[in-house]
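Okay, structure first, notes after.
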Amino acid sequence: MKFREKIYKTAAKIPRGKVTTYKALAHAINSKAYRAVGTAMNKNPHWPKVSCHRVINSDGRVGGFAEQFRGREKSSKSVTRAKLGVSGVKKKIALLRKECVEVINGKIDLKRFRYKL
DNA sequence: GCTTTGACTCTCG
DNA sequence: TCGAGAGCCAAAG
């Protein structure tokens, strides 16, 4: 099975109202490819079967979401951090809130909503 | 097949 | 405590 398939399969197990992190997801499939997890989610071909909006950053931030705007401007590593909280992120937050996940200022309380894989 | 890029994370100043 | 830089692995060009 390919890495991506494993990721999708694992992500699909996340129940409604819970979230997990890219780190945890990568760890769950015995990999350290945190970034690859994000890449796989970005190209997610199984929406909405695989709810990629339930996958967030390790610090509780929502991170990014490829709704329609993708790869705008030059995105180097440092720029990526600066533009957190734009574009499709709002949509992602809305989806999470619909599942009763508390999102405060683009952040989620991992202590309460993290799903143990 | 090598280089670049990315919805990330960790470490150091 | 916070910002910048380096490192990580896969996928796409």
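Every value quoted in this text rests on a predicted model; they were computed, and no experiment measured them. Just so it is clear: chains get the letters A, B, ... in the order the sequence lines come, proteins before strands, and each one is counted from 1.
For the pair A/R61 and A/I56, the minimum side-chain heavy-atom distance is 4.5 Å or more. Counting heavy atoms from C-beta outward, A/E102 and A/R97 have side chains that stay 4.5 Å or more apart. In this structure the side chain of A/P15 reaches within 4.5 angstrom of the side chain of A/Y115, judged on heavy atoms. Annotation: side chain of A/V101 is in contact with side chain of A/V19 (closest heavy-atom distance under 4.5 Å). You'll find the side chain of A/T21 stays beyond 4.5 Å of the side chain of A/N57, heavy atoms only. In this structure, A/R54 and A/K18 have side chains that are not in contact, with every pair of non-hydrogen atoms separated by 4.5 Å or more.
Closest approach of A/Y34 and A/A26 over heavy atoms only: CD2-CB, 3.8 Å.
Regarding contacts with the backbone of B/dC8, every side-chain N or O of A/S58 stays at 4.0 angstrom or more from both OP1 and OP2. Between A/N57 and B/dT9 there is a side-chain N or O to OP1 or OP2 distance below 4.0 Å.
Nearest to the side-chain atoms of A/K32 among the listed nucleotides C/dA12, C/dC9, B/dA7 stands C/dC9. Relative to the side chain of A/K92, the nucleotides B/dC8, B/dA7, C/dC9 differ in distance, and B/dA7 lies closest. Nearest nucleotide to the side chain of A/F65, out of C/dA10, B/dA7, B/dT9: B/dA7.
For residues 97-109 of chain A, proximity to DNA chain C is found at no residue, defined as any non-hydrogen atom under 4.0 angstrom from a strand atom. Annotation: proximity of residues 2-27 of chain A to DNA chain C (heavy atom, distance under 4.0 Å) is found for A/F3, A/R4, numbered in ascending order.
As rounded to whole Å, 13 Å separates atom C1' of C/dG5 from atom CZ of A/R35. Distance A/D59 CG to B/dT9 P: 7 Å, rounded to the nearest Å. Protein atom CG of A/N30 is 16 Å distant from nucleotide atom C1' of C/dC8, rounded to whole Å. Here the C1' atom of nucleotide C/dC9 and the CD1 atom of A/I29 are 10 Å apart, to the nearest Å. Here the P atom of nucleotide B/dA7 and the NZ atom of A/K43 are 8 Å apart, to the nearest Å. Atom OH of A/Y34 is separated from atom P of C/dA10 by 12 Å (rounded to the nearest Å).
For the atom pair A/L96 CG and A/I108 CD1, the distance stands at 4.5 Å (nearest 0.5 Å).
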Structure string for DNA chain B in dot-bracket form, Watson-Crick and G-U at under 3.5 Å, | interchain: .|||||.||||||
Could you list, one pair per line, each protein nitrogen or oxygen that sits under 3.5 Å from a nitrogen or oxygen of nucleotides 2-4 of chain B, together with the distance?
none

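Side-chain heavy atoms closer than 4.5 Å link hydrophobic residues (I, L, V, M, F, W, Y) into clusters, and following such links, even through other members, never connects A/Y22 to A/V89. A/L117 and A/V50 fall into different hydrophobic clusters, where Ile, Leu, Val, Met, Phe, Trp and Tyr residues are linked whenever their side-chain heavy atoms come under 4.5 Å apart, directly or through other members. Using a 4.5 Å cut-off between side-chain heavy atoms of Ile, Leu, Val, Met, Phe, Trp and Tyr, with links allowed through other members, A/L110 and A/V103 fall into the same hydrophobic cluster.
Applying the salt bridge (Lys or Arg N to Asp or Glu O under 4.0 Å) criterion to A/R16, with sequence neighbours excluded, gives no partner residue. Every residue meeting the side-chain contact (heavy atoms from CB on, under 4.5 Å) condition with A/E5, not counting sequence neighbours, appears here in chain and number order: A/M1, A/K2, A/Y8, A/H46.
Remark: of the listed residues A/I104, A/V62, A/N105, A/V62 is the sole one forming a side-chain contact (heavy atoms from CB on, under 4.5 Å) with A/I93.
Note on A/T39: a base of the nucleic acid sits closer than 4.0 angstrom, heavy atoms only.
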